[in-house]
Every structure is written in structure tokens, then in C-alpha cells.
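Data block below; observations after.
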Amino acid sequence: MIMQKFVILFLWISVVHSPASWGQTDLHSPEITVLGITGKDSKLEYVPTVSEISGQRLERKKQTTLGETLARETGVTSSQFGPNASRPVIRGLEGDRIRVLQNGLGVLDASAASPDHAVAVDPLTIDRIEIIRGPAALLYGSSAVGGVVNLVTNRIPEKPLSEFNGQAATRYSSHDQGRSLGVSANAPVQEKWAVHVDATVRASDDYKVPGKARTAAAQASDPGGPANDSRVYNSFNRTQSGGVGTSYMLENGFVGGAYSLFDSTYGTVAEREVEIEMQQQRADLAAELRDLGFIRSLRLKNSYSLYRHTEFESGSVGTIFKNKGNEARVEAQHGSLLGFSGLIGLQSHIFKFEAEGDEAYLPPTHNQAHSVFLFEEWKHGVLRPSFGARLDVSEVEALRSSAPGETKSFVGGSFSLGWLYQLTESQALVLNGSYTERAPNYQELFANGRHVATGQNEVGDANLSKEQSQAVELSWRKKTTTSQVSAGVFLQDFTNFIALIPSGTTDGDAEEPFEISNYRAVSARLYGAEVEYRQVLPNLLTTGQVELEIKGDLVRGINRDSGDNLPRMTPIRESVAVIYRTDTFQTDAEVQRSERQSKTAPNESSTDAYTQLNVGIELPIELGGLELSLIGRVHNLTDVQARNHVSLLKDLAPLPGRSFVVGASATF
């Protein structure tokens, strides 16, 4: 029945889609810098499945966390560990299998180690988000076996500036008394220099939900917990961030650097007496030279980070997490060689992770990975075959007294084959296949202790071998000046899929026993389908422009050893949005539907279906040389209770209830 819905939707899009010149403006073509290859005009020309969000679309979607900002993108949802810690989940994969980048280098925090660790980036500072769905391990390492999210900022200007410009924005949300303010500015200095500065501050209180926050099962298991009312306790947030950068413009490129600081204090919903203070200092260097003959561009990037995360229990220091690391990357895009064009590169990532205190279930580790990669395309008429390969050499050393100097080393290889067939000038058929190897990380190898955030006593296995996966994806894409459509299916099989498997026994703690869970290798399969459609409609009204956006996705995960479902798989989702634009205002309405998730793993509860309605309006105002924009939005207009099946806290922290959002921005 569900597959029939997707087939009907696919056929309807194919029929109603027309290349006629409807509307007033072209739909935006994505710029996907994370893939490293320039010169592509549209999504038709990318072999991987890509998405890009920027401009007004990004402003409408921005939330307090990265995961929630992307939660309704096709194939993407959120881990939603309360309102303050949330990473993107792509096609059922999360954590160390999704690489989150900032300007092409890792975020270098500890967000992949635990779901209660926030990503050290404020969405207010992001100018553009690029998403690669499916394996991108060839370009960004084994941690990108499920996909890549690249957060693009302008802290290191890459192009000359002709004049001073900037932006300021502020917002207020009613469900959590949320307040935010962000400012950024760019200025030319003399002829060759450009400078950027930005700063943000945000604060919110415990947020409100429809009905009772905790399910009956959660209330029964913790009757002494906080009152089960419509407030999610310990979900407050206080965050400040800022950055400064400068670049020197060359005749054929640039060289620059930036320093940024992210500082956040927030409550953890899973532990009502625990709050986290998190701080990251980051220094970035970047340079690019273009038009070097056979080498079209040469890019160099380096990032150094000092990250510290302190958990306070009733005001006392409980556990401290530290991550000090450096990531460097150099890549060269070359011209035609025997008909092939593409890029080659080197990457190095070295970091030391430490955990100290009562809940230090991970030993200190020294981690390093060094890689060489290439990606090549051959364009011959309507055919565009491609191939890529990567070699990774990695090492994890446990720095603990019980096993001093225990070191695990891995050599991994990945490769891909792609085939793009240009059906017509506006349509393409794409087939992707890949094989990837992921080395187990420090947590999977050496964890040994109680992880309160997940309620498990985690036990690693130092004898784990590499995780292997094979993936295939078939998609059809069409783009005209007034429409974009893509539809596809994917399948990804894992050998030695490293999963945290409950043992069925507890650790024997008399006051609060935790179930012992072991990192084990199993065989797994993930498969699904995605549809995305945007269309500027014909002139239904005498003025303005109407745009329609339809999305749908499904993913299934199976443990092939036992035949059981994998836990916390995203339910089937559909959404329909209508946007109406004129010269004097823009308004939009979106209906988001998540189906009931009953295909659950053993001992996992199901979640009910829900439908949410969001509406908004934006009013641009010209005031001299200042461009003002006033916004008003209502999220979850009908105030329905909704629980995110992917979240570990779905029984404690449902999605927010009805919320009124007002804000203003100024561009100068």
C-alpha cells in the first residue's frame, strides 16, 4: 500500500510536470562545494544525490539545532535528544556514519560520541547547508558511509568585496520563551583584503508540549520524576557564539584564516539534575589557487579545535569530555586527461579524546586517520560514467592504565562506480554503486561503563573488524526553469554492521540497574525510496507567483542475522507546501505527515502517526538603503502531540506544541 502511494505520486509528477515557462523566476540551482568539483549547472549533473538549502528557504527552516533544522528534508530526520542536542539522521544512519562538516572540514566536537552532546555550531551563523545522501566515503572518509552534511559560513571570505555589507536578525518563539539575536558584517580593506565578523546569542526556557510530556510507560517506570504536565523539564538553553576572519585576495585565488568560539549551557532532558557547559575554540586556515594550467584549482584547508564539555550534577562537576584535534585537507581539481576530469586529494585527521569523572565510560584515546582519494568523470555525449577510490590508514590507541598503549590499526579501502545517462536536455537517469569500509571508532572498541544519557552499560570489543557495506541507488531527475523533480530507490547492505546490542542482563546496580549492551557486528540491510518535487505553478492569480513543493520518503532497516527490524528507523513521511510570493509579501503553508511506526525492533515501542500544519508570512520593507524583513510563523498550528520515533527520548520529550514565532531581519 505504501509503495503504491509512492508510485502514484511519481506518475502524477511525471504527467503534470511541464517545461512551459510558468511563473516569474527560475528555481534555484544548487551550489555543492563539498563535492569539490566546480562547473556544474544543476542537480542533473551530479552523480550523488545532493540537496542544498540557502537564502529564504534556509531562514524559514532554521531551528535551535542542526538536526531540527534539517529534520524535514527528504531522507533526513533528527536524533532529537531534547531541543538542545540533535544531529541529522540520513536514511536510517546516524552518529559516526554521518559526517558533519563546517566549510569542508569536520566539526571536531564530540557530538557523534553521545546523543546528548550538541553539535558545536549555531544554525544562526550558517549561510548554506549542503547534503549528500548515501555513501560519500570516497571524499570524506569512512565516517561518511551514510552521507555528508556541510555547513557553509562566510567566516573566511573567498571573493573580493566591493563594499561593506551585513545582516542582523532577531526572533522570539512562544513555546519556550526563546530569544535570539545574530549580527554579521563583511568589509573590504584596501583593495586586497576582506574582513568578516559575526556574533550570536540565544536563550530559551523549558518548552511546552500538547498533553502530557511523558508517556504512561515512562511515568510508571519513574513515578518519582518531575510532574507529568505539559512542560519538558530541564530543556533550557543559553548559547553565545562568534567569529572573525580575514582573507587576502590573489589574482587567481585567496588565502585566509578565521577564529571562532562556541559557548553553550543547556539542560539534559534525560537527567533532570544535569546541565552541560560546552565550549569550542576553533582556528581555520584556507587557501585556493585557480587556473593553474592543467590544474583547474588547488585547495588547502586546515582546522584546529579545542573542545571541552563539562556535565554538572546538582551543581557539582560530574564528567568532563575533551577533544583536541586537527584536520587538514588538500585537493586538486584537474582538467581533461584521456577524456577524464575530476579531483585527487589527501586528508589527515588527528585528535585526542578524553573523558574524566563519574560517567567516564570511555578511556582516553589517541586517534589518527590518513587518506588519499580520487574521483573521476568522463563525459561522452549523453553518457557520463564516473569512478572513485579511497585508501584510509587509521589507528586508535587506548591511553589507560588497565591496557596502556593498546593500539588497533586498520587499512580500509572504498570505491564507487556511477553512470549518468542524459535522457533529454532536462532529464537524467542515474545509477550509483559503491563499496565502503569503515574502521570501528574508539567508542565501539573501548567503551566500558555506564552511559547515563542512553541508560545502558556499554561494553566495547577491541577485536572488532572493519565494517563493510555495498550500496546501490537508482534515481530519475528532471529540471526546467520552473520545476525540479527527483525520485529514486536505494539499497545498502552491511557486513559486520557494528551495533549496540542489549544483552538481556543488568549491571547489578542496586539503586539504578542499567542493561548491559555490547558492541557487536551483525549483518544489516537498509532500503527505501524518496520523492521530491518543486513546481512554479501557472498564473492562477493575477499577481504574484505560487510554488508547490511535495516530498516523501521511506526507509526500512533489517538485521539480516535475526530477521528483526533495526531500532529507531524513520517512519514513512509525506509533506506538501504551498508558497505564494508577490512584490510586497510572501506567505506559505505546509502540511507534514509522519505515519505510524510499527516496524520496531525487539523491546522497542511503536509511535503513532501525526500531522502538523505550519504557516508563515514575510513582509519585506525598503527603508532608505536598509532592507527590512518582518516574519511571523506558527508551528504546529493545530497543537497535535507528536513523538519522533528516532529519538531515544520519544517517551519523555515529544515535539513542541503550538508555537508563535515573530522576528525581524535587516540587510545593509
Side-chain angles (χ1 to χ4, degrees), residues 31-40 45-48 50 98-108 130 132 134-145 147-152 156 158 252-257 284-304 325-338 340-351 367-378 385-395 410-418 432 434-439:
E31 180 183 2
I32 311 294
T33 60
V34 70
L35 287 176
I37 301 176
T38 59
K40 295 184 181 296
E45 298 188 48
Y46 292 104
V47 173
V50 300
I98 302 298
R99 193 88 203 275
V100 179
L101 309 174
Q102 183 175 334
N103 296 319
L105 294 176
V107 289
L108 302 177
E130 303 168 351
I132 305 177
L138 294 172
L139 293 178
Y140 288 96
S142 61
S143 293
V145 66
V148 166
V149 175
N150 186 38
L151 314 175
V152 181
I156 301 180
E158 298 185 5
N252 61 339
F254 74 94
V255 58
D284 287 277
L285 297 173
E288 181 178 7
L289 296 175
R290 296 181 289 269
D291 302 324
L292 303 176
F294 175 69
I295 302 299
R296 293 181 178 176
S297 68
L298 178 65
R299 307 182 189 96
L300 301 95
K301 295 181 179 180
N302 188 86
S303 182
Y304 176 77
N326 190 89
E327 183 170 341
R329 181 180 178 90
V330 56
E331 61 185 37
Q333 181 182 358
H334 65 79
S336 179
L337 178 64
L338 300 177
F340 287 92
S341 60
L343 61 85
I344 59 174
L346 301 170
Q347 185 173 345
S348 178
H349 185 198
I350 302 173
F351 68 96
N367 308 261
Q368 57 181 315
H370 309 284
S371 312
V372 58
F373 58 88
L374 65 87
F375 179 79
E376 301 291 333
E377 293 180 320
W378 181 53
S386 65
F387 71 91
R390 183 183 183 97
L391 178 66
D392 294 292
V393 179
S394 60
E395 180 181 280
F410 303 91
V411 177
S414 303
F415 66 86
S416 73
L417 294 173
N432 275 314
S434 65
Y435 169 82
T436 60
E437 295 183 337
R438 185 182 74 90

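Remember, predicted model here, so these are calculated numbers, not experimental data. In this chain, numbering begins with 1 at the start of the sequence shown.
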Problem set entry | Glu376 versus His334, side-chain donor and acceptor atoms under 3.5 Å | yes

Exercise. Side-chain donor-acceptor pair under 3.5 Å between Glu331 and Gln347, yes or no?
Worked result: no

Problem set entry | Steps toward side-chain contact (heavy atoms from CB on, under 4.5 Å) verdict (Leu343, Leu139) | CA-CA 10 Å; Leu343 61 85; Leu139 293 178; 3.9 Å; yes

Taking all non-hydrogen atoms of both residues into account, name the closest pair between [X] and [Y] and its distance.
{"X": "Gly418", "Y": "Val47", "result": "CA-CG1, 4.1 Å"}
{"X": "Ala328", "Y": "Asn302", "result": "CB-OD1, 3.2 Å"}
{"X": "Leu346", "Y": "Phe373", "result": "N-CE2, 3.8 Å"}
{"X": "Ala332", "Y": "Leu298", "result": "CB-CD1, 3.9 Å"}
{"X": "Ile132", "Y": "Pro48", "result": "CG2-CB, 4.0 Å"}
{"X": "Thr436", "Y": "Pro135", "result": "CG2-CB, 4.3 Å"}

Please report the interatomic distance [atom1]([X]) to [atom2]([Y]), rounded to the nearest 0.5 Å.
{"X": "Ile350", "Y": "His370", "atom1": "CD1", "atom2": "NE2", "value": "4.5 Å"}
{"X": "Asn103", "Y": "Glu158", "atom1": "CG", "atom2": "CD", "value": "7.5 Å"}
{"X": "Gln368", "Y": "His349", "atom1": "CD", "atom2": "NE2", "value": "11.0 Å"}
{"X": "Asn367", "Y": "Glu395", "atom1": "CG", "atom2": "CD", "value": "9.5 Å"}
{"X": "Leu285", "Y": "Leu300", "atom1": "CG", "atom2": "CG", "value": "10.0 Å"}
{"X": "Arg390", "Y": "Ser142", "atom1": "CZ", "atom2": "OG", "value": "8.0 Å"}

Problem set entry | Among Arg299, Lys301, Arg296, the one residue meeting salt bridge (charged side-chain N to carboxylate O under 4.0 Å, His left out) with Glu288 | Arg299

Please check if the side chain of [X] supplies one atom and the backbone of [Y] the other of a donor-acceptor pair under 3.5 Å.
{"X": "Arg99", "Y": "Tyr140", "value": "yes"}
{"X": "Glu130", "Y": "Thr33", "value": "yes"}
{"X": "Glu437", "Y": "Gly413", "value": "yes"}
{"X": "Asn150", "Y": "Gly104", "value": "yes"}

For this session: Would you check, one step at a time, whether the test side-chain contact (heavy atoms from CB on, under 4.5 Å) holds for Leu292 with Asn252?
Result: CA-CA 9 Å; Leu292 303 176; Asn252 61 339; 3.6 Å; yes

Exercise. Are side-chain heavy atoms of Leu108 and Tyr304 found at a separation under 4.5 Å?
Worked result: no

Exercise. Side-chain contact, heavy-atom cut-off 4.5 Å: Ile156 with Asp284?
Worked result: yes

Exercise. Any ion pair linking Glu327 and Arg329 (charged N to carboxylate O, less than 4.0 Å)?
Worked result: no

Exercise. In terms of the angle between their ring planes, are Phe340 and Phe387 parallel, tilted or perpendicular, with boundaries placed at 30° and 60°?
Worked result: perpendicular

For this session: Assess whether side-chain contact (heavy atoms from CB on, under 4.5 Å) is satisfied between Leu35 and Phe375, documenting all intermediate values.
Result: CA-CA 10 Å; Leu35 287 176; Phe375 179 79; over 6 Å; no

Problem set entry | Steps toward side-chain contact (heavy atoms from CB on, under 4.5 Å) verdict (Leu101, Leu151) | CA-CA 6 Å; Leu101 309 174; Leu151 314 175; over 6 Å; no

